[in-house]
Amino acid sequence: MSESDNSQPVIDVEKVTFSFKEHRALERVTFQVWPGTLHGFVGPNGAGKTTTLKLICTLLRPQLGRVTVFGHDVREDMPAVRRRLGFMPDHFSLYRQMTVFEYLDFFAAAYGFPLKERDRIVSDVLALTDMDGRRDSLIQSLSRGLQQRVSLARVLVNDPDLLLLDEPASGLDPRARIELMEILRALREMGKTIFISSHILTELAELCDSVTIIDRGTTRFCGPMDELLRRNAEQPTYKIRLESPANGLVDTLRNMLEIVEVTLLDDPRELRIVCEPHTINANTLLNRLMEHNVEIVSFGHDQRHLNEAFMHLTQEGVRS
Ligand SMILES: Nc1ncnc2c1ncn2[C@@H]1O[C@H](COP(=O)(O)OP(=O)(O)OP(=O)(O)O)[C@@H](O)[C@H]1O
Ligand SMILES: [Mg+2]
């Protein structure tokens, strides 16, 4: 499959079943990830996310079903799959006594890059992860957020077309999380496909174009993030923040046919708008608001509904 072929999925997981001895971890898991997308992989603890990622990156072999990456079967064409992807595990062991440069240079050497190319490669991956100033820092002296970025830089050393990231945002503070998300967006802009797992749907909602939801080893949803919201929020709900208090706008909005409910939130500059199903989409609603000359600071799906969608699809919380 060529890099510009957008008609084939980058990852195609078809009816994959996998057991650890007696314990069935995955049962006919099926989903696709399309080129150039940031695709979330979400499920509660023990759902099977890490197991699936290990199958995709060829660390485990599917017992039943088929996994292909860029059209290559993971069982039959392991080297071709490995060449095209970078896997960032959930628990990474950084060589803490090394400097950032030594660590990345070590991996570039392991990939077989000659000495004269390695300096440029390390500089490139440091620039991509916004770590230029940290080249000579000892890894153990870095914060968790920065160590996570070194780990991401390491994954980028062989310039993979597909990144597999297992819960990269867990344990990061909000700033480090936002910075990581920005880097991932920039990598997508470069044309890379990014498959990122998390157990928190709302954490990925803003970032991802599409999402697969998995629970107890089975796929519950695979598709665009918008579709997940449309399907599960019977009444699409938006949260809007305006530059100034919204009191004047509330009655106007309440008179619109498509709008079921308008609520001013604790901060009077914030509104929640509940719409009739299948009548109005985010674009139209935003245009309507603009017609009233209001200054909008932020506009998005109400995260409360995302949580409801997730709970609805996964039923229970934590499992073993
Ligand atoms: N090496 C193993 N041996 C036996 N069972 C395992 C092994 N690894 C995972 N499991 C089991 O397989 C199931 C799926 O585990 P997996 O680690 O893929 O879930 P996960 O979605 O990544 O969870 P988490 O959010 O906790 O990381 C769980 O029930 C887990 O206990
Ligand atoms: Mg896991």
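Since the structure is predicted, the reported quantities are computational estimates derived from the model, not experimental observations. Order of listing sets the numbers, starting from 1, for every ligand and every atom in it. Position 1 is the first residue of the sequence; numbering continues from there.
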Closer than 4.0 Å to some heavy atom of [X] - which atoms of ligand 1 meet that?
| X | result |
| --- | --- |
| Ala47 | 19 (O), 20 (P), 21 (O) |
| Thr51 | 14 (C), 15 (O), 16 (P), 18 (O) |
| Gly48 | 14 (C), 16 (P), 18 (O), 19 (O), 20 (P), 21 (O) |
| Thr50 | 17 (O), 18 (O), 20 (P), 22 (O), 27 (O) |

Tell me the side-chain hydrogen bond (donor to acceptor under 3.5 Å, both in side chains) pairs involving residues 167-176, sequence neighbours left out?
-> Glu167-His199
Using distance alone, with no hydrogens and no angle criterion, decide if [X] and [Y] have a side-chain donor and acceptor under 3.5 Å apart.
| X | Y | value |
| --- | --- | --- |
| Thr99 | Asp136 | no |
| His39 | Thr212 | yes |
| Thr17 | Arg28 | no |

Would you indicate which of Gly217, Ser197, Gly46, Ser170 comes nearest to atom 13 (C) of ligand 1 when only heavy atoms are counted?
-> Gly46
OG1/Thr129 to CG/Leu180 distance, rounded to the nearest 0.5 angstrom?
-> 10.5 Å
Does any non-hydrogen side-chain atom of Glu258 lie less than 4.5 Å from one of Thr284?
-> no
Listed by chain and number, what are the side-chain contact (heavy atoms from CB on, under 4.5 Å) partners of Arg188, not counting sequence neighbours?
-> Leu38, Arg185, Ile194, Asp209
Residues at least two apart in sequence or cross-chain that pass ring-ring contact (aromatic ring centres under 6.0 Å, His included) with Phe113, listed by chain then number, are none
Donor-acceptor pair, distance only, cut-off 3.5 Å: does the side chain of [X] make one with the backbone of [Y]?
| X | Y | value |
| --- | --- | --- |
| Lys192 | Pro160 | yes |
| Arg177 | Ala169 | yes |
| Arg154 | Tyr103 | no |

Residue and atom names of protein N/O/S atoms that fall under 2.8 Å from the Mg ion (ligand 2) | Thr50 OG1
[X], any N or O under 3.5 Å of ligand 1 N or O:
| X | result |
| --- | --- |
| Asp90 | no |
| Ala25 | no |
| Phe20 | no |
| Gly43 | no |
| Thr52 | no |

Within less than 4.0 angstrom of ligand 1, does Glu167 place any heavy atom?
-> yes
So, does His199 sit close enough to ligand 1 that a heavy atom of it is under 4.0 Å from the ligand?
-> no
With heavy atoms and a 4.0 Å threshold, my read on which part of His23 contacts ligand 1 is side chain
Are Asp77 and Arg83 within salt-bridge range, i.e. N to O under 4.0 Å?
-> no
